[in-house]
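One structure is given below, encoded as structure tokens.
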Amino acid sequence: MNTYIGIDIGTSGTKLLLVSSDGAILSQSVREYGVSYPREGWSEQSPELWYDAVMTGLKKLLCGQDKSAVKGISFGGQMHGLVALDKQGAVIRPCILWNDGRTEKQTKYLNEEIGKENLTKYTGNIAFAGFTAPKILWLRENEPENYEKIVKIMLPKDYVAYRLTGNFCSDCSDASGTLLLDVKNRRWSREMCSVCGISETQLPELFESYEVIGTLKREIAEELGLSADIKIIAGAGDNAAAAVGTGVVGEGANVSLGTSGTLFVAGEKYTMDAANALHSFCHADGGWHQMGCILSAASCNAWWSDQILQTADYAKEQEDLESELGKNGVYFLPYLMGERSPHNDVNARGAFIGMRPNTTRKQMTLAVLEGVTFALRDCLEAAKGNGIKVKKTKLCGGGAKSLLWRQIVADILNMPVEIPETEQGPAYGGAILAMVGCGEFSSVRQAAEAIAKVKEQILPNMERAQAYEEKYKIYGQLYPALKGVFARME
């Protein structure tokens, strides 16, 4: 049986899966690494960390496996990161990551001077601080010597593909998050290239996520003991890849509780959010999707447990909390890294509100889980405002391992939540895309229908859903009340 490798270039580590053509996971490997925070609100990473993690991870992944059965490799990857190479193909500076907030000035310039109306005409989206285009402008203004060296601009997963194949490529789903892509027409925007002072030749050749971009370099194939004929498939941005892995293709919805959180709504037709609260991006199946992204999701629970409570036993902290669902009087705003959807505010901060002398540790723990979910509900409401009807959703990501959190999502979103049989995130979606690229399936939809199965459905509790409806109304008043305060904080 043929096998395929899916690689997820994540923020905290790289995950690799070896998957058979029937969807069974034969082997997996995770290589962790760190993030650099050189200044308040900045977030950077060395691209060499990703490549080293992939090469080390591949050797571990393939140990004891039939290497001759491997036919293809593809990716999911953290989006928006600015990787800049010079004429020698060397990395000019550390990658500025998706959750970096340094581009407030450049984002404001794009939205106000170039104008939101023009941006949506050029790309289908407005500027958000995490997008790639504002980072290019920041580099031009603050590191002109590095800006002048740029010969190639790429995204994190594309850098790894470049190292493996020597080919300078990207896919439409990941490129959608650069603010350089004409999303509707799936091509680079000449207008945005002009705004950023770059040429199309500095940007990668575009492919669909399931298309072949090359084969392994011979020396790398020899180092890994693989055939040099193994196909490398373009892959997708992490959320699009995760959606493929959960079977959200064609139409459907997926909520991800990862480091960041997303509401991903797939569709076969291009639609644009008139309110500019959601992103309009290309999907990995050749269609499109709207997506709301909150910058801190499961990372809020990790911060609360690891840094504040100083415990790694997340499950114990969540014990005996189900009876408190819908009753909690404590609220949490999950804006630890600022916020993207729907507020687009790099100055937003995390906050607990509603504590009294008898407030407990348990209530604050529950407030964190509820606050993240309320923020995702904000994204759902924005989708509804665009006429999109979401009747149920898949749920994935590290936070989805919590049985309590699953129920909270069902109750606050007030819809059935489906748990995939195999929940391995973007790496699993990457493996499925590799299968399609190698001809194992004729389309992403056919592959997802054959492989991505649901193992469990969580239904909302109607009484709690009603209670949360009232609490969501209160939650919705908190950010507007504090927005001006956040702007004055250092």
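The basis for the numbers below is simple: all heavy atoms, side chains too, and nothing from hydrogens, waters or symmetry mates.
Considering only residues two or more places apart in sequence or on other chains, Thr373 meets the side-chain contact (heavy atoms from CB on, under 4.5 Å) condition with Trp405, Ile408, Val409, Ile412. Residues satisfying the side-chain contact (heavy atoms from CB on, under 4.5 Å) test with Ser299, not counting sequence neighbours, are Thr259, Ser296. Qualifying salt bridge (Lys or Arg N to Asp or Glu O under 4.0 Å) partners for Arg406, counting only residues two or more places apart in sequence or in other chains: Glu456. By the salt bridge (Lys or Arg N to Asp or Glu O under 4.0 Å) test, Glu370 is found to be paired with no residue, residues two or more places apart in sequence or in another chain being considered. Remark: Glu470 pairs with Lys473 by the salt bridge (Lys or Arg N to Asp or Glu O under 4.0 Å) rule, at least two apart or across chains. Listed by chain and number, the residues in a side-chain contact (heavy atoms from CB on, under 4.5 Å) with Lys316 are Asp313, Glu319 (sequence neighbours excluded). Checked against side-chain contact (heavy atoms from CB on, under 4.5 Å), Met415 has the following partners two or more places apart in sequence or in another chain: Leu380, Val390, Thr393, Leu413. For Lys116, there are no salt bridge (Lys or Arg N to Asp or Glu O under 4.0 Å) partners two or more places apart in sequence or in a different chain.
Within a 6.0 Å sphere centred on CD of Glu200, other residues, nucleotides and ligands contribute more than 12 heavy atoms. Other residues, nucleotides and ligands contribute over 12 non-hydrogen atoms within 6.0 Å of the NZ atom of Lys384.
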Distance-only donor-acceptor pairs under 3.5 Å for side chains of residues 344-356, two or more places apart:
residue, atom, partner, partner atom, Å
Asn344, ND2, Ala127, O, 3.1
Asp345, OD1, Asn347, N, 2.8
Asp345, OD1, Ala348, N, 3.4
Asp345, OD2, Tyr479, OH, 2.7
Asn347, ND2, Glu104, OE2, 3.0
Arg349, NH2, Glu490, O, 2.7

Would you tabulate the side-chain donor-acceptor contacts of residues 233-256 under 3.5 Å, counting partners in other chains and residues two or more places apart, or write 'none'?
residue, atom, partner, partner atom, Å
Asn239, OD1, Thr262, OG1, 3.0
Thr246, OG1, Ala242, O, 3.3
Thr246, OG1, Ala243, O, 3.1

What side-chain donor-acceptor pairs closer than 3.5 Å can you find for residues 128-135, not counting sequence neighbours?
residue, atom, partner, partner atom, Å
Thr132, OG1, His80, O, 3.0
Lys135, NZ, His80, O, 3.0
Lys135, NZ, Ile96, O, 3.3
Lys135, NZ, Leu97, O, 2.7
Lys135, NZ, Gly130, O, 2.7

Before you tell me yes or no, could you show the steps for Lys327 and Gln363 under side chain to side chain contact (heavy atoms under 4.5 Å, CB included), namely the whole-Å CA-CA distance, both residues' side-chain angles and the distance that decides it to 0.1 Å? CA-CA 10 Å; Lys327 303 175 184 177; Gln363 287 175 304; over 6 Å; no
Quick one, Leu369 with Phe332, criterion side chain to side chain contact (heavy atoms under 4.5 Å, CB included). Give me CA distance, side-chain angles, the key distance, then yes/no. CA-CA 8 Å; Leu369 307 182; Phe332 174 70; over 6 Å; no
Please report the C-alpha distance between Leu278 and Val265 in whole Å, then the side-chain angles of each, then the deciding distance to 0.1 Å, and finally whether the side chain to side chain contact (heavy atoms under 4.5 Å, CB included) criterion is met. CA-CA 10 Å; Leu278 304 181; Val265 185; over 6 Å; no
Val444 vs Glu208, test: side chain to side chain contact (heavy atoms under 4.5 Å, CB included). Steps then yes/no. CA-CA 11 Å; Val444 177; Glu208 292 297 341; over 6 Å; no
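Across all non-hydrogen atoms, the minimal contact from Asn386 to Ala274 is OD1-N, 3.8 Å. Shortest non-hydrogen contact noted between Tyr210 and Ala284 is CD2-O, 3.4 Å. Between Val35 and Ser43, the closest heavy-atom pair is CG1-OG, 3.4 Å.
Counting only distance, with no hydrogens or angles, the side chain of Tyr468 and the backbone of Gly326 share a donor-acceptor pair below 3.5 Å. Between the side chain of Lys401 and the backbone N or O of Gly397, no donor-acceptor pair lies under 3.5 Å. One N or O on the side chain of Ser341 and one on the backbone of Cys293 form a donor-acceptor pair closer than 3.5 Å. Checked by atom type and distance alone, the side chain of Trp50 never pairs as donor or acceptor with a backbone atom of Gln45 at under 3.5 Å.
The ring pair (Phe, Tyr, Trp, His ring centres under 6.0 Å) contacts involving residues 233-267 comprise Phe264-His283, Phe264-His289, where partners must be two or more places apart or lie in separate chains.
Within the 4.5 Å cutoff, no side-chain heavy atoms of His279 are placed close to those of Met79.
Under the 30°/60° scheme for interplanar angles, the aromatic rings of Tyr331 and Phe374 are found to lie parallel.
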